[in-house]
Amino acid sequence: MPDDYPPIDDGYQLRFTRRALDDLGCPPGVAPGSIEDVRRATVHKPIVDKLATQRSTVPTGTEDPMRNVGRSDIYSLHGPAGGRACTWYDDDAGVCWFLGFTPQHDYALFEDRAANDDLLPSVDDETIFEIEQEELDFDQRIGPGLRQLVDLAERAPNAPQRATVGLLLRLEVCVELLVVEDDSLSDLTISVRLPPVVEGAVPPPDWSDEPLLERLVASVDPDRSSDEVEWNPASLPSGPAEEGAGQRRVDHAREVAVRLPNWRSKPSEDSGSQS
């Protein structure tokens, strides 16, 4: 069976360091990962809105990197009233950090913090982030990445899509497409590499509440009943038939799998043959 399960890019979040929350005048207890909570707690709402607008799609910023801070991956964020902020995108963690804010256009504040190794997220900032990630429940942790894999599979029928989802599960997803005259039928298959938890990963707190395959089915098709599912099929798609592949046998010692017949979604128009 395949061994390549690259991590899936299921987006990133915007987050504030404790120093940045102090700069914004937020009281203790404001959630550092909640744009809404921070906006309600600060009088400097325009810079928070600017963060949400400009960093929600481009986490590294669109201007040149900030100078005199000792590295080339910190970007300034200009406030509409003359204030200045700076951000840093931690690609490994999937976080765009709002590092600090000054209402007086005082770039020297950031330069001094950088010189004192006090600009990037602190150990406490990173620890709080890690704890929050570990406290996400199963569907918060797995659902977005799994549904993204299903979307990829729908765009490329009969081609298995593999990824490590939620830094936890190694999944293979495929939409098997069969065209009969003018109609198309499809099945969705999901395979989980065993052992299910990636070595060193911390499972979500509700990990053992329900059987794993049932939870995956509920994440992608919550209305499907158990008797409409083929549990642990004998074979799975191995690749597009035109490439000489077809089905592979399920290695039950190394994976568990499920098939959802008559998958409700249809492949996108651009995934078919081109005229």
If we only count heavy atoms from C-beta on, is the [X] to [Y] side-chain gap below 4.5 Å?
X: Val198; Y: Leu168; answer: no
X: Cys86; Y: Leu119; answer: yes
X: His78; Y: Arg84; answer: yes
X: Phe110; Y: Ser76; answer: no
X: Arg155; Y: Asp151; answer: yes
X: Phe129; Y: Pro32; answer: no
X: Trp263; Y: Glu176; answer: no
X: Ile190; Y: Val220; answer: yes

Between Arg40 and Asp37 (salt bridge meaning N to carboxylate O under 4.0 Å), is one present in this structure? yes

So does Arg215 pair up with Asp206, basic N to acidic O under 4.0 Å? yes

Establish whether [X] and [Y] are linked, either directly or via other cluster members, by ILVMFWY side-chain heavy-atom contacts under 4.5 Å.
X: Leu236; Y: Leu177; value: no
X: Val165; Y: Leu212; value: yes
X: Leu109; Y: Leu120; value: yes
X: Trp88; Y: Ile128; value: no
X: Leu167; Y: Val192; value: no

By salt bridge (charged side-chain N to carboxylate O under 4.0 Å, His left out), Asp137 pairs with (sequence neighbours left out) none

Could you check whether any side-chain N or O of [X] sits under 3.5 Å from a backbone N or O of [Y], counting only pairs where one atom can act as donor and the other as acceptor?
X: Thr164; Y: Tyr5; value: yes
X: Ser235; Y: Gln247; value: no
X: Asp139; Y: Ser219; value: no
X: Ser238; Y: Gly246; value: yes
X: Arg141; Y: Glu134; value: no

Partner of Glu255 under salt bridge (charged side-chain N to carboxylate O under 4.0 Å, His left out), picked from Arg193, Arg162, Arg248, Arg249, is Arg248

Side chains of Thr127 and Asp124, donor plus acceptor under 3.5 Å: no

Side-chain donor-acceptor pair present, Arg55, Thr87, cut-off under 3.5 Å: yes

Rounded to the nearest 0.5 Å, what's the gap from [atom1] on [X] to [atom2] on [Y]? Could you check?
X: His44; Y: Cys26; atom1: NE2; atom2: SG; value: 9.0 Å
X: Glu154; Y: Arg147; atom1: CD; atom2: CZ; value: 12.5 Å
X: Leu77; Y: Leu51; atom1: CG; atom2: CG; value: 6.0 Å
X: Ile47; Y: Thr42; atom1: CD1; atom2: OG1; value: 10.0 Å
X: Ile74; Y: Tyr89; atom1: CD1; atom2: OH; value: 15.5 Å
X: Leu171; Y: Ile142; atom1: CG; atom2: CD1; value: 7.0 Å

Evaluate whether atom CZ of Arg67 has more than 12 neighbouring non-hydrogen atoms of other residues, nucleotides or ligands under 6.0 angstrom away. no

Is Asn116 atom CG crowded by more than 12 heavy atoms from other residues, nucleotides or ligands, each under 6.0 Å away? yes

Verdict with supporting geometry, Val258 and Leu216, side chain to side chain contact (heavy atoms under 4.5 Å, CB included): CA-CA 9 Å; Val258 62; Leu216 295 176; 5.8 Å; no

Chi angles and distances behind the salt bridge (Lys or Arg N to Asp or Glu O under 4.0 Å) call for Arg113, Asp23: CA-CA 13 Å; Arg113 287 181 181 176; Asp23 291 342; 2.9 Å; yes

Run the numbers on Asp73 and Thr60 for side chain to side chain contact (heavy atoms under 4.5 Å, CB included), then give the verdict. CA-CA 7 Å; Asp73 56 355; Thr60 56; over 6 Å; no

Closest heavy-atom pair and its distance - [X], [Y]:
X: Val250; Y: Pro233; answer: CG2-O, 3.3 Å
X: Trp231; Y: Ser226; answer: NE1-O, 3.3 Å
X: Val30; Y: Pro27; answer: CG2-O, 3.3 Å
X: Val38; Y: Ala31; answer: CG2-O, 3.8 Å
X: Gln161; Y: Ala156; answer: NE2-CB, 4.0 Å
X: Ile35; Y: Ala52; answer: CG2-CB, 4.3 Å

Distance-only donor-acceptor pairs under 3.5 Å for side chains of residues 94-106, two or more places apart:
| from | atom 1 | to | atom 2 | distance (Å) |
| --- | --- | --- | --- | --- |
| Thr102 | OG1 | Gln104 | N | 3.3 |
| Asp106 | OD1 | Ala108 | N | 3.2 |

